[in-house]
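Here is the structure we will look at.
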Amino acid sequence: MRLVTLGESLARLDAAAVGPLRHARSLGLGVAGAESNVAIGFSRLGGEAAWIGRVGADEFGGLVRATLAGEGVDLAAAVVDPSAPTGLLVKERRTSALTRVWYYRTGSAGSRLSPEDVPEDLVRTAQTLHVTGITAALSATARKAVRHAVATARAAGVPVSLDLNYRAALWEPDEAARELRRLAAEADIVFATEREARLLVDGEGPAELAGALARLGAREVLVKLGRHGAVACCDGVLHRAPGVRVEPVDPVGAGDAFAAAYLAERLRGVPVGERLAVAALAGAYVVTAMGDWEGLPSRADLEREPGDEVLR
Ligand code: KDG
């Protein structure tokens, strides 16, 4: 199983205490980045994942590289850029149920990703290319890098997976909708929340939205519903997975966990209904731990008997 992904990974500062950030007296240090979260999740489930991206020649860049390498992610295509800093995000726990994110990434090394950074052979020999709307929103060159990777994968018959991952702080809805529709038309697999789906298409509920997204071009569309599970439209057939009941402590990263597990199970030949259920379980795992990816499950975690106390 070989997954290739590209995007920006950042240093992450986490407020330990609940409340306005200005009153946080200490911040934890970690790593964030939707695409690298997926790479870690995929690697923890036994796959080989390679990450393409740029970090600065600074300590935060070292942190990103050490963390991804420690999780078994292949960094042969990662570029160290001496002329720009590694991007940073700060997570505020505004209330126990509401997390807010502040970005410091304009002009970052990661946002300078360009088509020349995408090794075509790596993409051509992958079994899945995974991209997200975040990278397309970072800069004109990063958007071209995404388009180039997608075109390279398509020409080689490599399935393209797209997580819409709309981030309102990075671009305007109209511009996002235009670019995401274009990418969705070229993808084989599309992941969306209900809200993200509505940015691109019209529809009453999740099933209609999944069908409408599928009409843009992808054979597999997954609409994630958080604690209510997910709906999939695969080759015109609808599937549903119920949610997994958990006590979430940090909601960030659930979608990446879902995508990582879905893509891993897909490559293992697991049927759609089952891979949806595994993906929902992976999402549940990640929200029960602090951090965007730290709680991602291993295969042993996923194979626990249903009804185990682990997630309750
Ligand atoms: O999906 C979680 C990501 O959003 C997070 O890890 C940080 O990539 C990130 C972003 O751009 O928000």
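Remark: the backbone N or O of G56 is paired with a side-chain donor or acceptor of T86 at under 3.5 angstrom. At distances below 3.5 Å, not a single donor-acceptor pair connects side-chain atoms of T128 with backbone N or O atoms of L3. S108 places no side-chain N or O within 3.5 Å of a backbone atom of G87 that could act as its donor or acceptor partner. Counting only distance, with no hydrogens or angles, the side chain of Y166 and the backbone of W171 share a donor-acceptor pair below 3.5 Å. Although no hydrogens or angles enter the test, the distance criterion places no donor-acceptor pair under 3.5 Å between the side chain of E274 and the main chain of V270. With hydrogens and angles ignored, the 3.5 Å screen pairs a side-chain donor or acceptor of R93 with a backbone N or O of A16. Listed for the Y285 side chain is a donor-acceptor partner under 3.5 Å among the backbone atoms of D301. Using a distance-only test at 3.5 Å, with no hydrogens or angles considered, a donor-acceptor pair links the side chain of E294 to the main chain of D292. Side chain of D74 to backbone of A76: a donor-acceptor contact under 3.5 angstrom is found. With hydrogens and angles disregarded, no donor-acceptor distance shorter than 3.5 Å links the side chain of N165 to the backbone of G133.
Summarising the geometry, atom CG belonging to L281 is positioned 12.5 Å from atom CG belonging to L276; distances are rounded to the nearest 0.5 Å. Here CG of L267 is found 11.5 Å from CD of E48. Values are rounded to the nearest 0.5 Å.
Note on I52 and L68: separate hydrophobic clusters, where clusters join Ile, Leu, Val, Met, Phe, Trp and Tyr whose side-chain heavy atoms are under 4.5 Å apart, directly or indirectly. V38 and V223 sit in two unconnected hydrophobic clusters of ILVMFWY residues. Membership requires side-chain heavy atoms under 4.5 Å apart, directly or through other members. There is no path of hydrophobic side-chain contacts, each under 4.5 Å, that joins L88 to V252. L89 and L27 end up in different hydrophobic clusters when Ile, Leu, Val, Met, Phe, Trp and Tyr side chains are linked at under 4.5 Å.
A salt bridge links D14 with R12: at least one charged nitrogen is closer than 4.0 Å to a carboxylate oxygen. Ionic pairing of E265 and R268 is present here: one or more N-O contacts between side-chain nitrogen and carboxylate oxygen are shorter than 4.0 angstrom. A salt bridge does not link R65 to E71: none of the charged side-chain nitrogens sits closer than 4.0 Å to a carboxylate oxygen. Here D250 pairs with K91 in a salt bridge; the nearest charged N to carboxylate O distance falls below 4.0 Å. By the 4.0 Å N-to-carboxylate-O rule, R275 lies close enough to E220 to be salt-bridged with it.
The shortest distance between side-chain heavy atoms of R44 and W293 falls below 4.5 Å. In this structure, the side chains of F258 and V286 stay at 4.5 Å or more apart for every pair of heavy atoms. Proximity of L209 to E194: side-chain heavy atoms (C-beta onward) are separated by under 4.5 Å at one or more points. Y262 has its side chain within reach of I189: a pair of non-hydrogen atoms, C-beta onward, lies under 4.5 Å apart. At a threshold of 4.5 Å between non-hydrogen side-chain atoms, the residues R147 and E179 count as touching. A heavy-atom distance below 4.5 Å is not found between the side chains of V158 and R154.
Remark: the E120 side chain and the H148 side chain contain an N/O donor-acceptor pair separated by less than 3.5 Å. Judged purely by distance below 3.5 Å, without hydrogens or angles, the side chains of H130 and S161 pair a donor atom with an acceptor atom. Inspection of the S114 and T141 side chains reveals no N or O donor paired with an N or O acceptor under 3.5 Å.
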Taking it one step at a time, do R54 and D117 satisfy side chain to side chain contact (heavy atoms under 4.5 Å, CB included)?
CA-CA 8 Å; R54 300 178 82 89; D117 296 325; 2.7 Å; yes

Is there a salt bridge (charged side-chain N to carboxylate O under 4.0 Å, His left out) between E186 and R181 once you walk through the steps?
CA-CA 9 Å; E186 302 200 324; R181 266 194 215 104; over 6 Å; no

I'd like to know whether D163 forms a salt bridge (charged side-chain N to carboxylate O under 4.0 Å, His left out) with K224, so could you lay out the CA-CA distance, the side-chain angles of the two residues, the decisive distance to 0.1 Å, and finally the verdict.
CA-CA 11 Å; D163 190 331; K224 298 165 287 176; 3.5 Å; yes

Does the side chain to side chain contact (heavy atoms under 4.5 Å, CB included) test come out yes or no for V190 and L164, once each step is laid out?
CA-CA 7 Å; V190 172; L164 298 186; 4.2 Å; yes

R22 and E92: CA distance, side-chain angles, deciding distance, salt bridge (charged side-chain N to carboxylate O under 4.0 Å, His left out) verdict:
CA-CA 9 Å; R22 73 189 69 172; E92 176 192 57; over 6 Å; no

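Within 6.0 Å of the CZ atom in R240, the count of heavy atoms belonging to other residues, nucleotides or ligands does not exceed 12. More than 12 heavy atoms of other residues, nucleotides or ligands shown are found within 6.0 angstrom of CD on E175. By the 6.0 Å contact criterion, CZ on R219 is open, its count of non-hydrogen atoms from other residues, nucleotides or ligands being 12 or less. Counting non-hydrogen atoms of neighbouring residues, nucleotides and ligands closer than 6.0 angstrom, the CZ atom of R227 reaches no more than 12 such neighbours.
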